[in-house]
Each structure stands twice: as structure tokens, then as C-alpha cells.
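A short worksheet on the structure shown next.
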Amino acid sequence: MYVLTIDQVDSRTGEDAVPRLLRLLAPVDTMLPFERTAGDEVQGVLSDPAQVLLAWRTAVRDGHWSAGLGLGGDGELGATSRASRGGPFLAARDAVEDAKQEPSQVSVRVSPDAPPAAARAALDAQAVIRLLSILVRGRTPAGWRVVDAAAARPDATQAQLADELEVSRQAVSKALLAAHLREVSDGEETAARLLARALTACADGGVR
């Protein structure tokens, strides 16, 4: 399982952003839904690495969040994330504390008893996600508008997107290039494979 803990940055000087983040995270497919676990922190339990990355990207886009991902096969699920425990939850706690010190504001950790192969795959995934964080955080509101339109209509041409958004085709092309749409998509697929590999290594004792 994957446990994603997301903590608000500079919460003492800003408004409580947890309710807004929980609304944004509601569409994410989870084993246990995201909920406020302590103060300005939310946590959810997931089984699909692609959904993990969707939740992470949602937090990055909203801004002002540090994300710590813990993974492992030795978690004990309760009725809620807050009532659950085990290695992945301990790993998520370590990860989010580390993320607060990172410019990318994201870290990945495995359960304390996970084999070395799982830890290596998790670190590989972390490296990819940290690079993705730099790209995603660089998107402007105008860039996100084009990205959202392209995601909603993946078969649309740039000319069709331009007509829909009432901008020039050149503006759409420039926005997509600046948003690194293809690179981010490819990177998330790579990160998802690495996260899946890390979790598999936890389950099989690292024999790969």
C-alpha cells in the first residue's frame, strides 16, 4: 500500500487550506480517503501508483504543500487512515518531515523492514518525482488552462484547442511547450512503474 501524507507549508501565517485540498483530492481513487489527520495535515491510503501521482500533482498545483509518500506491505488498515498503522505510515511520517527540508517538497520512503531492493526503487522514483515537481511548479495559470483543455480533449488538435480557449494556435503551442506536457506525462508513467516495483520488492522480499 501507499500512504501519502501532505502537510501545509507556513500554516501558522496563512489560512487553513486543508478543506480546499480535501475537495480537490476527492476524485482520487483511494483505499482509505484523504482526511485531516493532525492540524494542517491530510493523509490517504492508496493502492494504485498512478493515483498516488495524481494526488501528488493535485497538491503541487494547489501550492504550499509538502508531500511524504510511504510504501510497504506491512500496514494495518483501520476504518480510516488516522486509525491505521504499520510500516508504510511510519515511512510516510519520515518522508513528509524530510520533504519539508527539500526544495521539491516531496520525499519517498519505504517501511523500516523493507528490503534493499525496495528502498532503491523508491529512491529512483523519488528522483523522478522531484524533477517532475520542478516542472509542474513552473506552470503558470495560463499554462494550466491549456493543459486542462488538452487533458479534457486528448484527441483535439492545437487549432481546435485554440478555438475553444479563444487564443491563437501559437499561444497554445507555446503554452504546451512551456508546461512540458509530454515530459511530465512520460515522467509520471516512469515514476509509477518505479513505485510499483518498490512495492513488489516489499512483498517478495526484494528478490528481483
Side-chain angles (χ1 to χ4, degrees), residues 2 4-11 13-15 17-18 20-28 34 40-42 44 46 48-69 92 95-109 122-162 164-195:
Y2 303 95
L4 185 60
T5 300
I6 307 172
D7 190 65
Q8 186 175 347
V9 176
D10 296 328
S11 59
T13 58
E15 65 177 9
V18 167
R20 181 182 68 246
L21 182 62
L22 290 176
R23 289 194 299 271
L24 294 172
L25 290 171
V28 178
F34 284 94
D40 52 8
E41 178 182 280
V42 304
L46 308 94
D48 183 350
Q51 293 297 304
V52 170
L53 290 165
L54 172 58
W56 159 79
R57 182 168 15 98
T58 298
V60 172
R61 179 174 181 173
D62 189 54
H64 310 296
W65 298 98
S66 297
L69 176 63
V96 77
E97 291 302 323
D98 182 68
K100 295 175 184 179
Q101 312 303 319
E102 286 293 326
S104 64
Q105 295 182 323
V106 60
S107 291
V108 181
R109 295 289 184 271
L123 288 176
D124 288 343
Q126 175 180 267
V128 174
I129 297 171
R130 284 179 173 175
L131 288 173
L132 290 174
S133 182
I134 295 172
L135 297 180
V136 173
R137 288 167 61 185
R139 290 176 175 174
T140 64
W144 274 113
R145 184 167 177 253
V146 176
V147 167
D148 288 342
R153 299 184 59 197
D155 296 328
T157 65
Q158 291 188 6
Q160 289 172 327
L161 293 175
E164 178 181 320
L165 297 172
E166 299 181 342
V167 298
S168 69
R169 186 182 64 79
Q170 291 77 8
V172 168
S173 177
K174 183 178 179 180
L176 291 176
L177 285 173
H180 302 285
L181 187 62
R182 178 173 297 179
E183 292 82 0
V184 170
S185 177
D186 291 346
E188 288 189 0
E189 290 180 5
T190 300
R193 288 195 297 270
L194 290 168
L195 290 176

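In what follows, every heavy atom counts, from backbone to side chain, and hydrogens, waters and symmetry copies are set aside.
The two atoms that bring Tyr2 and Leu69 nearest to each other are CB-CD1, 3.9 Å, heavy atoms only. The two atoms that bring Arg145 and Leu165 nearest to each other are NH2-O, 3.1 Å, heavy atoms only. Nearest heavy-atom pair, Val128 versus Gly187, reported as atom, atom and distance to 0.1 Å: CG1-O, 3.4 Å. Listed here is the closest heavy atom pair of Ala191 and Leu53: CB-CD1, 3.9 Å. Closest approach of Leu195 to Pro49, counting heavy atoms only: CB-CB, 4.0 Å. Between Glu164 and Ala149, the shortest heavy-atom distance links the atoms OE2-CB, 4.2 Å.
Applying the salt bridge (Lys or Arg N to Asp or Glu O under 4.0 Å) rule to pairs touching residues 49-64 yields Arg20-Asp62, Arg57-Glu188, Arg61-Asp148, sequence neighbours excluded.
Rounding to the nearest 0.5 Å places CZ of Arg169 at 11.5 Å from CG of Leu161. How far CG of Leu181 is from CG of Leu135: 11.0 Å, rounded to the nearest 0.5 Å. Of the inter-residue distances, the one linking Phe34 atom CZ with Ile6 atom CD1 reads 5.0 Å to the nearest 0.5 angstrom. In this structure, the separation between CD on Gln105 and CG on Asp7 is 10.0 Å, given to the nearest 0.5 Å. To the nearest 0.5 Å, atoms CD1 (Ile134) and NE2 (His180) are separated by 10.5 Å. Here the CG atom belonging to Leu25 is positioned 11.0 Å from the CD atom belonging to Gln51, to the nearest 0.5 angstrom.
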Given the rule in the side chain to side chain contact (heavy atoms under 4.5 Å, CB included) test, do Arg139 and Val184 qualify, once you have shown the distances and angles that lead to the verdict?
CA-CA 11 Å; Arg139 290 176 175 174; Val184 170; 3.6 Å; yes
Steps toward side chain to side chain donor-acceptor pair (under 3.5 Å) verdict (Arg130, Ser107)
CA-CA 8 Å; Arg130 284 179 173 175; Ser107 291; 2.8 Å; yes
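Formation of a donor-acceptor pair under 3.5 Å by the Thr58 side chain with backbone atoms of Leu54 is found in this model. Side-chain atoms of Gln126 come within 3.5 Å of backbone atoms of Val108 as a donor-acceptor pair (strictly under, hydrogens ignored). Between the Trp65 side chain and the Gly63 main chain, a donor and an acceptor come within less than 3.5 Å of each other. Proximity of a side-chain donor or acceptor of Gln101 to a complementary backbone N or O of Asp98 within less than 3.5 Å is not detected. A donor-acceptor pair is defined here as one N or O able to donate and one able to accept, closer than 3.5 Å; no such pair exists between the side chain of Ser133 and the backbone of Ile129.
No side-chain heavy atom of Asp186 sits under 4.5 Å from any side-chain heavy atom of Glu183. Taking the side chain as every heavy atom from C-beta outward, Trp56 and Val136 approach each other to under 4.5 Å.
Within a 6.0 Å radius of CD in Glu166, other residues, nucleotides and ligands contribute 12 heavy atoms or fewer. Surrounding CZ of Arg153 are more than 12 heavy atoms belonging to other residues, nucleotides or ligands, all under 6.0 Å away.
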